[in-house]
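Remarks on the structure that follows.
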2 protein chains.
Amino acid sequence: MTLSDIDFPTPSKGDDCRMVREILDLVGDKWSLYIIATLKDGPVRFNELRRRIDGISQRMLTITLRGLERDGLVKRTLFPTIPPRVDYELTEVGRTLLAPVMGLVTWAYASQENIQDARVRYDAS
Amino acid sequence: MTLSDIDFPTPSKGDDCRMVREILDLVGDKWSLYIIATLKDGPVRFNELRRRIDGISQRMLTITLRGLERDGLVKRTLFPTIPPRVDYELTEVGRTLLAPVMGLVTWAYASQENIQDARVRYDAS
DNA sequence: CTGTATCCCGCTAGATACTG
DNA sequence: CAGTATCTAGCGGGATACAG
């Protein structure tokens, strides 16, 4: 299939649209993207994730990780040591998300100035 | 620059990180992605957008479009006819967002079943 | 047709305290 | 260390009415 096959709410494709919507919402929530990007190089422990993702609370990190785990994008590995240790890493499916996600991140990074300037211009008028 | 240059909260790159965060938040809000995807083939009028984007309210369409306009991603053209007509289209910068965004959409479309299955499996346990 | 203005509900997510 | 539980404020966003 090609991009032009995706046309948002086509009456006949209602179900497809809802699913795509739902999945994009997952990716579009506040933290999923950052977690996925932070896991790009391999397993990371819980508190290491917390440190690397600026501003995330413990609660939101847990909740978001559970969601990603439920969707089969992230794998959780518990080492029953004392103190316990938990590694999170992308699954195979999760890694397929990496390319599009990093595409966005790269775009955001490259477009910073463009957007800043546009905002200044807009706010001036 | 390469992907490996982007490492989220590097102490020395605090400002960069905040900007990337801010821009991803923009893209990650509830509606921006759909508007951008819907504008991929050219100008679309206000109410046509509303019809094509399932579930968006008039209020949120206006607000989201203003945001995209402010960031220089969408161009607004008013035809002062009666009744008035307003076309929205992607700017050149906006079109550069299209590739990464459609990458995500394509991924979401292709991964529907994978994710559905993962959820069923997770919820069963 | 293309908005703006207001009201208001519900959920998101931060803060805090506690546990194995 | 890696969570869970609870409480709550803020705000995103829907509904509705109105305007140019």
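Here is the naming used below: chain letters follow the sequence lines, and residue numbers restart at 1 for every chain.
- Between R85(B) and the phosphate of dT2(C), there is no side-chain N or O to OP1/OP2 separation shorter than 4.0 Å.
- Both E48(B) and Q58(A) sit near DNA chain C, but only E48(B) has its closest nucleotide nearer the 5' end.
- In this structure, the CZ atom of F79(A) is 14 Å from the C1' atom of dA2(D), given to the nearest Å.
- Residue-level contact check: R66(B) touches the backbone only, with heavy atoms under 4.0 Å from sugar-phosphate atoms and none from bases.
- Counting only heavy atoms from C-beta on, P84(A) has its side chain closest to dG20(C) among dG3(C), dC1(C), dG20(C).
- Among the nucleotides dA15(D), dG14(C), dG3(D), the one closest to any side-chain atom of R59(B) is dA15(D).
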### Message
Show, in sequence, the C-alpha distance, side-chain angles and deciding distance for D87(B) and R85(B), and conclude whether the salt bridge (charged side-chain N to carboxylate O under 4.0 Å, His left out) test is met.
### Response
CA-CA 7 Å; D87(B) 276 3; R85(B) 163 188 175 162; 3.2 Å; yes
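- Between I56(A) and W31(A), the closest side-chain pair of non-hydrogen atoms falls below 4.5 Å.
- Closest contact between the side chain of R76(A) and the listed nucleotides dT6(D), dG3(C), dA2(D) involves dA2(D).
- Taking atom CG on D54(B) and atom P on dG13(D), their separation rounds to 16 Å, with Å as the unit.
- In this structure, the nucleotide among dA13(C), dG3(C), dC1(D) sitting nearest to the side chain of M60(A) is dA13(C).
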#### Entry: L90(A) vs L73(A), side chain to side chain contact (heavy atoms under 4.5 Å, CB included): CA-CA, chis, key distance, verdict
CA-CA 6 Å; L90(A) 294 177; L73(A) 304 177; 5.6 Å; no
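- At whole-Å resolution of the value, CH2 in W31(B) and C1' in dC11(D) are 17 Å apart.
- In this entry the distance linking CD1 of I63(A) with C1' of dT6(D) reads 12 Å, nearest Å.
- Between F46(B) and S57(A), the residue whose closest nucleotide on DNA chain C is further toward the 5' end is F46(B).
- In this structure, the CG atom of D87(B) is 12 Å from the C1' atom of dC1(C), given to the nearest Å.
- Remark: the backbone N or O of M60(A) is paired with a side-chain donor or acceptor of S57(A) at under 3.5 angstrom.
- Spacing between atom CG of L61(A) and atom C1' of dA15(C) amounts to 16 Å, rounded to whole angstrom units.
- Nucleic acid contact for N47(A): sugar-phosphate only, since backbone atoms but no base atoms lie under 4.0 Å from a heavy atom of the residue.
- Whole-Å rounding puts the R50(B) CZ to dG14(D) C1' distance at 12 Å.
- Heavy atoms of Y88(A) sit under 4.0 angstrom from primed sugar atoms or phosphate atoms, though from no base atom.
- One interatomic measurement links the two molecules: CG of L65(B) to C1' of dT2(C), which rounds to 11 Å at whole-angstrom precision.
- Contact annotation: the side chain of V44(A) never approaches that of Y88(A) to less than 4.5 Å [non-hydrogen atoms, C-beta and beyond].
- Nearest-nucleotide positions on DNA chain D for T62(A) and P83(A) put P83(A) closer to the 5' end.
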